[in-house]
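Take a look at the structure below.
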Amino acid sequence: MFTSHTRSLAAAIVGSLSLAACAGSGSPTPVTPLGQPAQKAPEAANGGRCKVLPIADRPAVQRAQAGERSSRDASFANCGIRLSHEGARRPNTSSLQAFDVPGAIDESNCSPYEVFNDCGTFGITINGSGTIAGYYLDTNDAIEAFIRTPDATYTSFQAENKWATYAFDLANGGAIAGQYYNGKGVVGGFIRQKNGSVSRYQAPWASRIPDDSVGQGTSPGAINAGGETGGIYFDAQGVTHGYIRNRDGSFVKAAPDGAVTSSVCIACLNNHGASAGDYKGSDGVGRGFIRSAAGAVTSVTERGATDTGVTGINNRDVVLGFYIDTNSVVWGLILGKNHKRTSFQDPNASETYGNGTQPEAINDAGAVTGFYADAQGNVHGFYRSPSGQFSEFDPQGSIFTEPYAINDSGTVTGYWYDAAGATHGFVWAPN
């Protein structure tokens with residue numbers, strides 16, 4: 001099966017730089033349909049048991065260093081999804097451009113762990129002007145954030161020191177929110193203004209005890225035009241909780257009553273101050289939530305689903321998410337005004353165990369981007385127009401395409417993996 005971070009918020013934990021999942025509950029065991037006996041998971045080709053990870057849980061750019069395998073690798077190895085070495089389908093090449101940040105590490109110099117994990121360039125966010133931000137692994141094995149203008153001019157930066165900096169969200173005015181890691185077991189949040197000045201912060205409730213076994217610190221993944229940011233902080237036990245930081249520097253917690261763990265997901269804070277994210281209660285079931293600018297919180301669940309998550313909110317307060325049905329198929333979900341709900345699948349998606357369609361981002365017009373798995377287990381990017389028409393795309397040579405953000409012009413950015421395990425950014429625009 002294929003698994004996704006769905007707007008995951010990166011955080012340095014377990015002595016490494018892995019990701020704290022932002023959406024869904026993410027049971028690491030086979031999904032059991034509601035009210036039915038536990039089902040046997042599919043068997044792997046090598047006879048091992050398939051470890052089903054709902055697509056809400058793949059840490060997209062996981063940073064576990066210590067030689068451990070990524071959840072992406074584990075899912076691929078045992079759940080039928082294959083890293084095909086055949087070239088993916090090519091779209092109209094005039095609408096898609098792959099890119100690598102100058103100075104990004106070459107695959108031939110990546111460690112075995114970095115291959116299919118850290119090795120290369122990750123496009124994460126795009127604003128209205130077409131400027132892209134993200135991060136890359138440089139030749140010194142440091143993670144650097146980057147800014148790419150529409151004319152392909154690049155700027156790299158670090159929030160604190162040359163260790164690890166991740167850019168997650170880019171406002172139209174040019175301000176960037178993200179996290180940095182200083183190598184001492186604690187992450188911190190930063191805001192970088194268009195002029196290059198950087199301010200760093202920690203949520204007041206965040207634990208900052210250097211600890212390689214659990215997450216510590218604060219990780220913002222969303223910023224709006226007013227300079228508000230949102231994300232997650234870790235308590236002393238490494239449990240994540242959602243927060244909003246106001247422009248004046250004050251903080252509020254952002255989670256439904258009864259939440260055990262929660263998060264405000266990447267790019268899930270609109271210009272009116274409404275935010276969205278995910279949480280788990282004491283029952284361990286993943287649900288989404290919407291928080292108004294005034295602080296009212298509404299839970300998001302899909303009837304009969306085993307897991308529900310949120311991946312975006314636009315400036316019209318339309319919410320994008322997903323749910324996993326009782327057959328472990330992932331569906332896209334749009335929550336419009338007047339409680340209107342729209343479920344969708346890419347027409348080429350496989351509606352079989354562990355597959356389906358994973359939406360990632362929505363723009364103000366209602367266009368959506370994300371990815372889906374086809375009947376052969378290959379993963380492709382998609383664009384869904386405001387009227388519900390689909391376009392599919394892959395960079396030439398891609399074996400796994402992950403669109404990650406979309407601007408109001410419909411231009412998409414994200415990243416893709418080649419057959420050698422290197423990661424590259426891309427920018428795609430509808431014809």
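To the nearest 0.5 Å, atoms CG (N127) and OG1 (T413) are separated by 11.0 Å. Taken to the nearest 0.5 Å, the CZ atom of R148 stands 13.0 Å off from the OG atom of S156. One finds the OG atom of S129 at 8.0 Å from the CD1 atom of I126 (value rounded to the nearest 0.5 Å). In this structure, the separation between OG1 on T153 and CD1 on I147 is 11.5 Å, given to the nearest 0.5 Å. One finds the OG atom of S299 at 9.5 Å from the CZ atom of F289 (value rounded to the nearest 0.5 Å). Atom CD of residue Q358 and atom OG1 of residue T369 lie 11.0 Å apart, to the nearest 0.5 angstrom.
Of the candidates F122, Y180, Y181, Y404, F122 is the only one forming a ring-ring contact (aromatic ring centres under 6.0 Å, His included) with Y135. Of the options F390, F371, W428, F393, a ring-ring contact (aromatic ring centres under 6.0 Å, His included) to F382 is made by F390 and by none of the others.
Side-chain contact between P403 and E360 is absent, with no heavy atoms from C-beta onward closer than 4.5 Å. Two residues are said to be in side-chain contact when any heavy atoms from C-beta on lie closer than 4.5 Å; V115 and E107 meet this criterion. Looking at Y417 and F116, their side chains come closer than 4.5 Å, going by heavy atoms from C-beta outward. Under the 4.5 Å side-chain criterion, counting only non-hydrogen atoms from C-beta, T121 is in contact with F146. R384 places a side-chain heavy atom less than 4.5 Å from the side chain of F344. The shortest side-chain heavy-atom distance between N363 and N314 does not fall under the 4.5 Å cut-off. Using a 4.5 Å heavy-atom cutoff, the side chains of V329 and Y353 are not in contact. Using a 4.5 Å heavy-atom threshold, the side chains of E392 and N348 count as touching.
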Query - side-chain hydrogen bond (donor to acceptor under 3.5 Å, both in side chains) between T229 and Y201, intermediate numbers included - result: CA-CA 11 Å; T229 57; Y201 70 82; 2.8 Å; yes

Query raised in the report: I132 and V427: side-chain contact (heavy atoms from CB on, under 4.5 Å), yes or no, with the steps?
Result: CA-CA 9 Å; I132 294 169; V427 56; 4.0 Å; yes

Report task. Run the numbers on I244 and V264 for side-chain contact (heavy atoms from CB on, under 4.5 Å), then give the verdict. Result -> CA-CA 8 Å; I244 299 295; V264 172; 4.3 Å; yes

Requested in this report: Go through the steps to decide whether D317 and N270 satisfy the test side-chain hydrogen bond (donor to acceptor under 3.5 Å, both in side chains), and finish with yes or no.
Outcome: CA-CA 8 Å; D317 294 335; N270 71 18; 2.7 Å; yes

**Report entry** Working for side-chain hydrogen bond (donor to acceptor under 3.5 Å, both in side chains), residues T411 and S409
**Finding:** CA-CA 6 Å; T411 303; S409 298; 5.3 Å; no

Report task. Show the numbers, then the answer: is there a side-chain hydrogen bond (donor to acceptor under 3.5 Å, both in side chains) between D394 and W416? Result -> CA-CA 8 Å; D394 297 281; W416 57 281; over 6 Å; no

**Report entry** Step-by-step side-chain contact (heavy atoms from CB on, under 4.5 Å) determination, W331 to E302
**Finding:** CA-CA 10 Å; W331 293 78; E302 186 67 12; over 6 Å; no

Requested in this report: Show your working on side-chain contact (heavy atoms from CB on, under 4.5 Å) between D418 and I399 and close with a plain yes or no.
Outcome: CA-CA 6 Å; D418 65 26; I399 60 171; 5.9 Å; no

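For T218 and Q202, the side-chain atoms include at least one donor-acceptor pair closer than 3.5 Å. For T308 and T301, the side-chain atoms include no donor-acceptor pair closer than 3.5 Å.
In this structure, D257 places its CG atom where only 12 or fewer heavy-atom neighbours from other residues, nucleotides or ligands lie under 6.0 Å away. Shown here is R341, whose CZ atom has more than 12 heavy atoms of other residues, nucleotides or ligands within 6.0 Å.
Ring planes of Y233 and W205: tilted class, angle from 30 to 60°. Between F251 and Y243, the two ring planes are tilted [angle within 30° to 60°]. Between H380 and Y372, the two ring planes are tilted [angle within 30° to 60°]. Taking the six-membered ring where tryptophan is involved, the planes of Y166 and F168 are essentially parallel, since the angle between them stays under 30° and well short of 60°.
Looking at every heavy atom in both residues, L269 comes nearest to A222 through CB-CB, 3.8 Å. Residue I232 comes nearest to S263 through the heavy atom pair CG2-CB, 3.2 Å, listed as atom of the first residue, atom of the second, then distance. Of all non-hydrogen atoms in D235 and Q216, the two that sit nearest each other are O-NE2, 3.1 Å. Considering all non-hydrogen atoms of both residues, G242 and S262 come closest at N-OG, 2.9 Å. Between A177 and I223 the shortest heavy-atom distance is CB-CB, 3.8 Å. When every heavy atom of V319 is checked against every heavy atom of V310, the shortest pair comes out as CG1-CG1, 3.7 Å.
The main-chain N or O of D364 is found under 3.5 Å from a side-chain atom of D408 such that the two form a donor-acceptor pair. Remark: side-chain polar atoms of D325 are paired, donor with acceptor, to backbone N or O of N327 under 3.5 angstrom. Under the 3.5 Å distance criterion, the side-chain polar atoms of T357 are matched with a main-chain donor or acceptor of D346. The main-chain N or O of L333 is never found under 3.5 Å from a side-chain atom of S343 such that the two would form a donor-acceptor pair. Using a distance-only test at 3.5 Å, with no hydrogens or angles considered, no donor-acceptor pair links the side chain of D374 to the main chain of A349. Remark: the backbone N or O of N271 is paired with a side-chain donor or acceptor of N315 at under 3.5 angstrom. Of the possible polar contacts, none joining the E114 side chain to the I105 backbone as a donor-acceptor pair under 3.5 Å is found.
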